[in-house]
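One structure is given here, and the rest of the page talks about it.
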Amino acid sequence: ATAVLERNAQSDSAYNLRGSLRHQAGDFAGALDDHLQALELDPDDAATLNHLAWIRATCTDDALRDGGAAVRDALRA
């Protein structure tokens, strides 16, 4: 995903892919950052909003968990 972003920094799907990989690796802050970058590129993408809702609802890091934002993102998705 990083290689794709080096060639095309406007690929929201590459940001989402890398965010998912970071999430699986336990890099929750990096995952959130990638999904937020994808959201900037396509604010209405349901997959991006779903990723954000999931992280914000379930993250074990208290600093990143945000129930209100999770519900907002889920409803928009």
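Remember, it's a predicted structure, so these values are computed and weren't measured experimentally.
- Separating the CG atom in Asp61 from the CD1 atom in Ile55 is a distance of 11.0 Å, to the nearest 0.5 Å.
- A search for side-chain contact (heavy atoms from CB on, under 4.5 Å) contacts involving Asp62 returns Arg65, not counting sequence neighbours.
- With contacts defined as side-chain heavy-atom distances shorter than 4.5 Å, the pair Glu40/Tyr15 does not qualify.
- Rounding to the nearest 0.5 Å places CG of Leu41 at 8.0 Å from OG of Ser11.
- Under the side chain to side chain donor-acceptor pair (under 3.5 Å) criterion, Asn16 pairs with His35, Thr48, not counting sequence neighbours.
- Through direct or relayed side-chain contacts under 4.5 Å between Ile, Leu, Val, Met, Phe, Trp and Tyr, Val71 connects to Leu75.
- Pairs passing the salt bridge (charged side-chain N to carboxylate O under 4.0 Å, His left out) check and including a residue from residues 68-77, sequence neighbours excluded, read Asp44-Arg76, Arg56-Asp73.
- Residues passing the side-chain contact (heavy atoms from CB on, under 4.5 Å) test with Ala57, sequence neighbours excluded: Ala70.
- Under the side-chain contact (heavy atoms from CB on, under 4.5 Å) rule, Leu39 has a single partner from Leu49, Asp45, Asp12, which is Leu49.
- Remark: Ala29 engages Asp27, Leu64 in a side-chain contact (heavy atoms from CB on, under 4.5 Å) (not counting sequence neighbours).
- Nearest heavy-atom pair, Ala74 versus Ala53, reported as atom, atom and distance to 0.1 Å: N-CB, 3.7 Å.
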